[in-house]
Amino acid sequence: MKYGFIKVAAAIPSVKVGDTKFNLGEIEKQIAVAEGMGVEIISFPELSLTGYSCQDLFRQQLLLDNAEHALLMLLDFTRQLDIITIVGAPVCVGSLLLNCAVVIQQGRILGIVPKTYLPNYSEFYEKRWFASAQDLHPQRIHYAGHHLLVTPGQQVFRTADGVKFGIEICEDVWAPAPPSSCLALAGAEIIFNLSASDDLIGKHGYLKSLLAQQSARTISGYVYSSCGFGESTQDVVYGGNALIYENGQLLEEADRFSLTPQMKVSEIDVEKIRSERRTNSTYVNAQRPPMTGTVSVAKETGGAEEFVHCLPKNNPEKEFTLSRTVSPHPFIPASADMAASCEEIFNIQVCGLAKRLVHTHCKTVVIGVSGGLDSTLALLVCIKTFDKLGYDRKGIMGITMPGFGTTGRTYNNAMTLMESLGVSIMEINISDAVTRHFRDIGHDASVHDTTYENSQARERTQLLMDLSNKHGGMVVGTGDLSELALGWCTYNGDHISMYGVNVSIPKTLIRHLVKYVAQSGVDETSAKTLLDIIDTPISPELTPAGEDGEIAQKTEDLVGPYELHDFFLFYCLRYGFRPGKIYYLAKIAFRSVYGEEVIRHWLRNFYRRFFSQQFKRSCLPDGPKVGSVSLSPRGDWRMPSDAMASDWIAEVEAL
């Protein structure tokens, strides 16, 4: 600091959602530039190490571990640097996950400041992942190689030259009583705000007014950095804001909606702030303790005596062996009464569909019946729902739509099942319509590519939707949880419906449900058909059958065994386990079924498809949640469609 001025910077780095290695590199670039310019304190946006818009990825242990590792790398990078850096990161403190600002200098963590006010309204739902500083009790943690005391109270930092500064995070400044007000009264001369505020019409002007007023009210410098290009634009846009104020006066402002990184630098006159505070009698009076009310004094947390250290292991390399069993089918209820479990699942599906039918005053449903497992389960749910509501089963319009790949086995099973269950039947061969479509778009019908396959799926969906309009009905979707996880569905094709009854039912569970009905709930003809459907290879039947007339396009040959993918999905979503742990558990669960290389191959494929296909899940139709895992974009799984899978895949490849 010279002549009372301190040089500060508000940075907006490029970011890739969930890619901590990339984000670290971008942060380091801007630190290096700022250090060269003589900046003493640089501030980055909220959750800048991970990206703010990771959504439910914040429940993934791998992301949390990678954020801590990235911070370790940043500490090493700054070891020889005098600049003070403030970055955003998710930090686990006991049973809490906190949205934090981490202050570092010369390879050391000076402090961790958790966010106090978590927005949970409109487009924000931070309480889904994070706890507030108000939920925190002072406690020591080991983080990034440091033993640290994390507290919910005020933290005022002091530079070597005696400049005092404090930190608040995004929503904190929008609160009726911002933490920055208390920080200023506790001596902070500059407030740094790490933010991730999205851009809306009229919001930017209001934001600038708010920051100017807070800077003036607290007679402080105010440095605001908010994330920009690179954050997910799934639902909102982050335009990027870097703003520097001094006692209400705007000193520097970044360009909004820039596609390149930005850093705004200015000097705050700390001596001027100190002079203004001394002169302003109102500010001086505000520093007095309150005359009434109760003053609570927090007990100071002790030091090392709080910990009991264990003795070092004599043999730290001793091999670990898991003695407990690992079920290969975690989605299958462990209940001794499987029939009761299946009945409960059906009841959930049926009640969901029944509510939707009653709400819409609809007594007609339209469903595509292919003779495969998924459409069979959906049809059975429709049957049970209509029976429960006392509706005529003829209101269920079962549409079979044979095409280029339909085999005699699936066609006959579809027709036989619909006849024995007593629903209305319509057959529409799509071959001519799709062939005409190929001519219209100039596609060679002999080329059996994605266009060839998806054109059939979309033709079928169009027929179902148009028939529902014609008959005043509702299209019931047939897609299941496993297909949604892998993206094994056609966008704007079979992934669209008016209500999807199977959306949270994995493929491994569907077999049990269909078998349960075959054994207990239908006539002999239907039961025989259902058992044959269970034994039929899973296939979308979108490419021609083999010369023997049997199914040639088998799904599990293309995407992998569903029992493996369901296992991966369960532990990935239910507990947020990292790939290495899932691989370890899978080797135990499937030791007599699949070799290690096979498991590793399909685990990599799972993560590749799971990340790349999120855009399909982001616009899913409504459907009932049945178990502990769901991929609804409105409920259990809110993931950006443009998140990076690189770290997850890299861990699989390193196994």
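All values reported here derive from a predicted model rather than from experimental measurement.
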Quick one: do Lys115 and Leu98 satisfy side chain to side chain contact (heavy atoms under 4.5 Å, CB included)? Show the steps, please.
-> CA-CA 7 Å; Lys115 188 173 182 176; Leu98 301 173; over 6 Å; no

Side-chain donor or acceptor of [X] paired with backbone N/O of [Y] under 3.5 Å:
X      : Y      : result
Thr525 : Ser420 : no
Thr461 : Ala457 : yes
Gln349 : Val501 : yes
Arg460 : Gly368 : no
Asn605 : Val559 : yes
Asn502 : Ile505 : no
Arg511 : Ile534 : yes
Ser424 : Lys394 : yes
Ser630 : Val626 : no
Ser632 : Gly635 : yes

For atom [atom1] of [X], is the number of surrounding heavy atoms from other residues, nucleotides or ligands below 6.0 Å larger than 12?
X      : atom1 : result
Glu344 : CD    : no
His448 : NE2   : yes
His359 : NE2   : no

With the threshold set at 4.0 Å, does a side-chain nitrogen-carboxylate oxygen contact exist between [X] and [Y]?
X      : Y      : value
Glu653 : Arg600 : no
Arg458 : Asp494 : no
Glu651 : Arg578 : yes
Lys363 : Asp392 : no
Lys507 : Asp480 : yes
Asp636 : Lys625 : yes
Arg356 : Asp622 : yes

If you look at every heavy atom in [X] and [Y], which pair is closest and at what distance?
X      : Y      : value
Arg609 : Leu486 : NE-O, 2.6 Å
Leu64  : Cys92  : CD1-SG, 3.7 Å
Val475 : Leu464 : CG2-O, 3.4 Å
Pro506 : Leu481 : N-CB, 3.9 Å
Leu421 : Ser526 : CD2-OG, 3.7 Å
Ser646 : Asp19  : OG-OD2, 3.5 Å

Are the side chains of [Y] and [X] in contact, using a 4.5 Å heavy-atom criterion?
X      : Y      : answer
His565 : Ser482 : no
Leu513 : Ile345 : yes
Leu63  : Thr50  : yes
Tyr452 : Val434 : no
Met415 : Ile425 : yes
Ile383 : Val517 : no
Met644 : Val17  : no
Val366 : Met474 : no

Does the pair Ile367 and Ile399 meet the rule for a side chain to side chain contact (heavy atoms under 4.5 Å, CB included), with working shown?
-> CA-CA 6 Å; Ile367 180 172; Ile399 317 298; over 6 Å; no

On the 0 to 90° scale, with breaks at 30° and 60°, tag the Trp129-Phe58 ring pair as parallel, tilted or perpendicular.
->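 Tilted: the ring planes of Trp129 and Phe58 meet at 30° to 60°.
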
Tell me, please, which residues at least two apart from Glu459 pass salt bridge (Lys or Arg N to Asp or Glu O under 4.0 Å).
->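 Glu459 satisfies salt bridge (Lys or Arg N to Asp or Glu O under 4.0 Å) with no residue once adjacent residues are dropped.
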
Working to the nearest 0.5 Å, report the span between [atom1] of [X] and [atom2] of [Y].
X      : Y      : atom1 : atom2 : result
Gln613 : Leu631 : CD    : CG    : 12.5 Å
Gln55  : Gln60  : CD    : CD    : 13.0 Å
Thr360 : Tyr499 : OG1   : OH    : 11.0 Å
Cys489 : Ile496 : SG    : CD1   : 9.0 Å
Lys587 : Leu322 : NZ    : CG    : 11.5 Å

Tell me, with the steps shown, if Gln614 and Asp642 meet side chain to side chain donor-acceptor pair (under 3.5 Å).
-> CA-CA 8 Å; Gln614 173 63 24; Asp642 38 15; over 6 Å; no

Using only heavy-atom distances, determine whether the side chains of Asn413 and Thr529 contain a donor-acceptor pair under 3.5 Å.
->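 Note: Asn413 and Thr529 side chains miss the donor-acceptor criterion.
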
Are Glu126 and Tyr121 linked by a side-chain donor-acceptor pair shorter than 3.5 Å?
->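 No, no side-chain donor-acceptor contact under 3.5 Å.
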
Looking only at the aromatic ring of each residue, does the gap between the centers of [Y] and [X] stay below 6.0 angstrom?
X      : Y      : answer
Phe567 : Phe590 : yes
Phe568 : Phe610 : no
Tyr491 : His495 : yes

Check the pair Tyr583 / Val652 against side chain to side chain contact (heavy atoms under 4.5 Å, CB included), numbers first and verdict last.
-> CA-CA 8 Å; Tyr583 174 67; Val652 176; over 6 Å; no

Test side chain to side chain donor-acceptor pair (under 3.5 Å) applied to Gln61 and Tyr575, step by step | CA-CA 9 Å; Gln61 189 62 45; Tyr575 299 113; over 6 Å; no

Establish, yes or no, whether the cationic atom of Lys581 lies under 6.0 Å from the six-membered ring centre of Phe577 and within 45° of the ring axis.
->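 Here Lys581 passes the 6.0 Å and 45° test against Phe577.
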
Run the side chain to side chain donor-acceptor pair (under 3.5 Å) check on Tyr594 and Glu563 step by step: do they pass?
-> CA-CA 11 Å; Tyr594 304 106; Glu563 63 177 352; 2.6 Å; yes

Derivation of the side chain to side chain donor-acceptor pair (under 3.5 Å) call for Ser53 and Gln234 | CA-CA 9 Å; Ser53 50; Gln234 183 178 31; over 6 Å; no

Give the C-alpha distance, both sets of side-chain angles, the deciding distance and a yes or no for side chain to side chain contact (heavy atoms under 4.5 Å, CB included) between Tyr516 and Leu380.
-> CA-CA 11 Å; Tyr516 161 71; Leu380 294 174; over 6 Å; no

